[in-house]
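Below is one structure, written out as structure tokens, with a few remarks after it.
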Amino acid sequence: MSLPKSYYPALTGLRALAAYLVFFCHNAPDRIDWHWLPMHSWLSLFMEEWGVGVSIFFVLSGFLIATRYQAHVVLTAVWWRQYLRSRFARIYPMYALLTLVTFVLAIQPGDWTTNAGFSNDGSTWLLKLGLNLTFLKGFFDTYKFSGLPQGWSLTTEECFYVAAPFLLVGLRSKAWMLLLYAAGLLGLGAALLGVGQALKSVPVLGTAGFMNSPYFVLTYTFFGRCIEFLAGIGLAGFLRKFPAKQRPSRGVTTLGLLWLVACTGLMAIVKVKLGASWETKNYVCIAINNVVLPVGIVLLLYGLMFERSWLRTLLETKLFDLLGRSSYVFYLIHMGFIGSFISVHLIGHPPVKLVELILVAIVLYVLLEEPLRRRLTCSAPTPSFSGTHEITTK
């Protein structure tokens, strides 16, 4: 049985494209005045669905974690310590640093700071800080956008990291378990939803909105988004089982791209027809995003790994390798005090702001993120490993 290789350069570059899709989702004309583009144009409605970059990261996370660990999971204390240390070093240092700065600035917010609903109530400030630094905020509807607004998705990512070793052990030679996992995780989400409803009458917890609604669970939690991660795990299992020479490799990239465009356009159309605003996705769109869209993402990943195309050639360049490696920092700063500072004091028009944020992200990656990661893992500088993919956001 052949093992899939661990590094696919195009997937590192794909991380950058996914992050930029999320940026334009948050900077669509309906939310940011583009001057030359009508706010309610079809292009604007289409761009509002570019949050599909989040789904790309979730599927990619499932694939890369499974590819790296599926044959090597040993549920011992030593293995867990090494595994969690690696995950911690990849995702936590820059997040914690930027979160702390955000909360300090929130004490005396200025015209370019983002206080994300903070008050001068010290207990509330400390509660939100604690939930943010522990990644627990993603379980609470009221606090999910506090601190770094996009940080809710890191709660989803961390839940997957904890669950992944158990999922991979159970999948050995039992691909059908993926369906059981999906049903079980969705069922667990439903159970936690019931707990959340029961806690609504409890002081503090009730107002915090723990697992507050079906919409919240399906949109913002690992339990509701589990199919995306499982789709990536399924792709890794398929590649492990079937030798490369048995894989067709013509037109898959194009099919994957068309699938993504079709799902994105369909979600925009459904929202218009059903009258749903961008703040409140309807359940038809959730079903498209969480269940149908991952199929196209799997096709795209497959094509980028085994099919020579213009997109793969572009994503494998040194430029996109650097953009991909710095895309986690880009994700963390595109909303928050750095993004706000650029909007107020530099050129805030979205296409120009994108370039400005990319340059800041590269500097922070080179000077802070990568040195911190090496220090925590005691490793020397190495080329980008496609497992360094921790980015997700709404």
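The first residue of the sequence shown is numbered 1, and numbering continues consecutively from there. Every heavy atom of this structure was used, including side-chain atoms; hydrogens, water molecules and symmetry mates were not.
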Are side-chain N/O atoms of Ser55 and Asn289 paired as donor and acceptor at under 3.5 Å? yes
Is it possible for you to check whether Arg87 lies under 6.0 Å from the centre of the six-membered ring of Tyr161, through NZ or CZ, and within 45° of that ring's axis? yes
Is there a donor-acceptor contact under 3.5 Å from the side chain of Tyr95 to the main chain of Asn132? yes
Any donor-acceptor pair under 3.5 Å linking the side chain of Thr264 with the backbone of Val52? no
When you look at CG of Leu100, are more than 12 heavy atoms from neighbouring residues, nucleotides or ligands closer to it than 6.0 Å? yes
Heavy atoms of other groups near Gln197 CD, more than 12 under 6.0 Å: yes
How about Trp152 and Phe222: are their ring centroids closer than 6.0 Å? no
Between Phe103 and Phe337, is the ring centre distance below 6.0 Å? no
Test applied, ring-ring contact (aromatic ring centres under 6.0 Å, His included); reference residue, Phe166; option that passes from Trp80, Tyr181, Tyr69, Phe160: Trp80
Before accepting this row, confirm whether a basic side-chain N of the pair Glu370/Arg373 lies closer than 4.0 Å to the acidic partner's carboxylate O. yes
Quick one: are the ring centres of Tyr328 and Tyr365 less than 6.0 Å apart? no
Check Leu332 against Leu148 and note the closest heavy-atom contact, atom names and distance. O-CD2, 4.0 Å
Is the ring pair Tyr283/Tyr215 parallel, tilted or perpendicular, if the boundaries are 30 and 60 degrees? perpendicular
Going by distance alone, is a donor N or O of one side chain under 3.5 Å from an acceptor N or O of the other, for Lys137 and Thr155? no
Any idea how Phe139 and Phe223 line up, ring-wise: parallel (<30°), tilted (30 to 60°), or perpendicular (>60°)? tilted
